Amino acid sequence: MPKNKPKKFTKNTMQTAKRLLRYVTSTYKKEFCVVLVCILVCSVASISVSFSMKFLLDDYILPLVGQANPNFAGLYQALTVLGCIFLMGVLGSFLYSRLMVKIGQGVLKRVRDEMFEHMQTLPIRYFDQHTNGSVMSLYTNDTDTLRQMINQSIPQVLMSAITILVTFISMLVLSPLLTLLALAMIFVMYVVAKKLGGNSGKYFTRQQKDLANITGYVEEQMNGQRVVKVFNREKMSEQEFDALNESLYASSSKAHTFASIMGPVMGNIGNILFVLTAVLGGVLLVTGVGGLTIGTIVAYLQFTKSFTQPFMQVAQQFNSIIMALAGAERIFDMMDEPSEVDDGYVTLVNAKKDADGNITECAERTGLWAWRHPHKADGTVTYTELKGDVRFFDLSFGYTDDKMVLHDISLYAKPGQKLAFVGATGAGKTTITNLINRFYDVQDGKIRYDGININKIKKADLRRSLGIVLQDTHLFTGTIMDNIRYGKLDATDEEVYQAARLAHADQFIRRLPDGYQTMLSGDGEELSQGQRQLLSIARAAIADPPVLILDEATSSIDTRTEKIVQDGMDNLMKGRTVFVIAHRLSTIRNSNAIIVLDHGRIIERGDHADLLQAKGTYYQLYTGKLELD
């Protein structure tokens, strides 16, 4: 597998860090202020211990040296004060550590909530372009990197920054000359950190993407294990995984190599500063330059450790920081994806008719639905009864502008009619149903629903009027009753039973040990493919929509079950407009119209008898002289 060149740590990294920090400060503003105060107390306490070395030596210890009867009272008092300051630092450290756990978990909860909330608004196009595993990795791998950064790295960096500032001021007060040496070493540290950090950052960004690729591949292979084993492709799958794993190994190794050597390098630079400071301080003390005392030198040497230690601590947290920022960048990329645009203003409402047949809106459910159409020009509102009249006018569409899928499609389905689409894979059958749902919007042409341009209908209301049964069924974790009721959340138990009977699912459900209360998991893997399809049909039935879309709904059902399901589907389709996509031509013989598609164009249309008489493509398909790809 070709290896992509690792992406450099982007210029948006600082913006990502600021945005992540805003999550922390805005979610727990008061708690974060307390954390800052506690960190300040800890830093001051730590510096006080180092600063006290000067006064303990010069004012208390050295004056007592050589005395016959030394008085330790002043020393004891100084040590007591120093102990109290140190105790305050310990308490501050304990308090901010506890608070950061609360802040970290709370911020992660908010991030996950906002991610999932935004994900629900994304268009189908986003999920067509991203694998399930890649999206799942955002909620697992990437959010987990934030946890360690928020709980440990952020407070450590804040403490280090405050410690460096306070220590630098103290060093400057003690000896401006020695501080010049410290500044020179700071510059060296900065150059080293920039070089190592830049290399580490770009590989950590690559590592998170490689991790998402592996997650997506494993998820795909788990779902397709039966196919893998049927075709004996275990070895090939292993080789493909090894290639992905090798890429992750390479990026991860390089990322951690650069990040891991930063700590030791910083530590050795700090040791060099300590030695140089001791040598220069001794020379200044002996020569009398700078007014240094033994206490001042000892305290200053302690400060060099305190000064370089924060750099080392930040270097130790560098792995977590870079990984978290790489993960946060991926998370924010998803959260910045544009939501599905909905400019519709026509809504679906409950309605009733008066004695004159006029439609009026009402709050209660009457079984009659109407489109509420406000007219912006004059401010009036009209109501159109929902009947299920769907018409296409000169429609052209492509998923990308440079590759059109449908060309000049014009067709109609009157209320109660059954319209079937036939054609090879890629002919555009499913695309037509995607356009009816407004999963995608047309580039050219129009679709009218009960005479209304569907672009004017709010997507949620449009989809409420449509029932869909897909070839690939999806069942949620829960009882069978819950899964059927998913089509109508306020449905009664009796309505669930009725929908199951319509789909001929009731019989097999009652044979299960717990009947309708049987728990399903793993997409209903306890059931056969045909049984899952029956539940999907029952879920569409309970929604009671005026328009049905059946995308090869019986393709996974055996011939015997197909006859049973077809009878139920016929009952379900009565009085409804139905769009059917089917490879089994026997299921569409009773369609009012059959549309034959080829490369996005309509090449034949008519009912079963007419098309057989024409002896064109449909005739060849039906008689077996031509097979669908």
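As the structure is a computational prediction, the values presented were derived from the model and not from experiment.
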Of all heavy-atom pairs between [X] and [Y], which one has the smallest distance, and what is that distance?
{"X": "P123", "Y": "P338", "answer": "CD-O, 3.7 Å"}
{"X": "C42", "Y": "S93", "answer": "SG-N, 3.1 Å"}
{"X": "T143", "Y": "T140", "answer": "OG1-O, 3.3 Å"}
{"X": "S153", "Y": "I321", "answer": "CB-CG1, 3.7 Å"}
{"X": "L20", "Y": "A328", "answer": "CD2-CB, 4.4 Å"}
{"X": "L122", "Y": "Y126", "answer": "CD1-CD2, 3.6 Å"}

Is there a side-chain contact between [X] and [Y], using heavy atoms and a 4.5 Å cut-off?
{"X": "Q207", "Y": "Y249", "value": "no"}
{"X": "N437", "Y": "L462", "value": "no"}
{"X": "M119", "Y": "V135", "value": "yes"}
{"X": "L520", "Y": "T477", "value": "no"}
{"X": "Q15", "Y": "F332", "value": "no"}
{"X": "I124", "Y": "N434", "value": "no"}
{"X": "L475", "Y": "I480", "value": "no"}
{"X": "V157", "Y": "I154", "value": "no"}

State plainly whether the residues [X] and [Y] are in salt-bridge range, i.e. N to O under 4.0 Å.
{"X": "R464", "Y": "D461", "answer": "yes"}
{"X": "K459", "Y": "D342", "answer": "no"}
{"X": "D113", "Y": "R110", "answer": "no"}
{"X": "R463", "Y": "E340", "answer": "yes"}
{"X": "R19", "Y": "D336", "answer": "yes"}

With a 6.0 Å cut-off (strictly less than), is the heavy-atom count around [atom1] of [X], excluding the residue itself, greater than 12?
{"X": "Y399", "atom1": "OH", "value": "yes"}
{"X": "Y440", "atom1": "OH", "value": "yes"}
{"X": "E117", "atom1": "CD", "value": "no"}
{"X": "F439", "atom1": "CZ", "value": "yes"}
{"X": "M88", "atom1": "CE", "value": "no"}

Between [X] and [Y], is there a donor-acceptor pair closer than 3.5 Å when you use the side chain of the first and the backbone of the second?
{"X": "S134", "Y": "H130", "answer": "no"}
{"X": "T25", "Y": "R22", "answer": "yes"}
{"X": "Y217", "Y": "S237", "answer": "yes"}
{"X": "S253", "Y": "A250", "answer": "no"}
{"X": "T27", "Y": "V24", "answer": "no"}
{"X": "T179", "Y": "A182", "answer": "no"}

Legend entry - S521/E526 under side-chain hydrogen bond (donor to acceptor under 3.5 Å, both in side chains): CA gap, chis, key distance, verdict: CA-CA 8 Å; S521 61; E526 307 93 335; 3.2 Å; yes
Inset, instruction - Report the residue from L40, L36, V34 that forms a side-chain contact (heavy atoms from CB on, under 4.5 Å) with C38. - result: V34
Can you tell me how far the [atom1] atom of [X] sits from the [atom2] atom of [Y], to the nearest 0.5 Å?
{"X": "L280", "Y": "L181", "atom1": "CG", "atom2": "CG", "answer": "6.0 Å"}
{"X": "E238", "Y": "N245", "atom1": "CD", "atom2": "CG", "answer": "11.0 Å"}
{"X": "T145", "Y": "L325", "atom1": "OG1", "atom2": "CG", "answer": "8.5 Å"}
{"X": "S97", "Y": "I39", "atom1": "OG", "atom2": "CD1", "answer": "9.0 Å"}
{"X": "N268", "Y": "L273", "atom1": "CG", "atom2": "CG", "answer": "12.5 Å"}
{"X": "Q156", "Y": "N151", "atom1": "CD", "atom2": "CG", "answer": "13.0 Å"}

Inset, instruction - Quick one: do R112 and D142 satisfy salt bridge (charged side-chain N to carboxylate O under 4.0 Å, His left out)? Show the steps, please. - result: CA-CA 11 Å; R112 286 192 296 265; D142 291 323; over 6 Å; no
Inset, instruction - State, without any angle test, whether R206 and S252 hold a side-chain donor-acceptor pair at a distance under 3.5 Å. - result: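 Short answer, no.
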Inset, instruction - State, without any angle test, whether Y23 and E114 hold a side-chain donor-acceptor pair at a distance under 3.5 Å. - result: yes
Legend entry - Derivation and outcome, side-chain contact (heavy atoms from CB on, under 4.5 Å), residues V101 and R98: CA-CA 5 Å; V101 172; R98 292 292 300 272; 5.9 Å; no
Legend entry - Residues Y28, L99; criterion side-chain contact (heavy atoms from CB on, under 4.5 Å); working and verdict: CA-CA 10 Å; Y28 292 95; L99 284 174; over 6 Å; no
Legend entry - N483 vs L535, side-chain contact (heavy atoms from CB on, under 4.5 Å): CA-CA, chis, key distance, verdict: CA-CA 8 Å; N483 271 277; L535 293 184; 5.5 Å; no
Legend entry - D482 vs T479, side-chain hydrogen bond (donor to acceptor under 3.5 Å, both in side chains): CA-CA, chis, key distance, verdict: CA-CA 5 Å; D482 291 337; T479 65; 3.0 Å; yes
Legend entry - Residues H474, F476; criterion ring-ring contact (aromatic ring centres under 6.0 Å, His included); working and verdict: CA-CA 7 Å; H474 181 79; F476 299 94; 4.8 Å; yes
Legend entry - salt bridge (charged side-chain N to carboxylate O under 4.0 Å, His left out) between D144 and R147, worked out: CA-CA 5 Å; D144 190 60; R147 175 185 54 78; 3.2 Å; yes
Inset, instruction - Mind running side-chain contact (heavy atoms from CB on, under 4.5 Å) on D210 and I214 for me, showing each step along the way? - result: CA-CA 6 Å; D210 288 341; I214 278 192; 6.0 Å; no
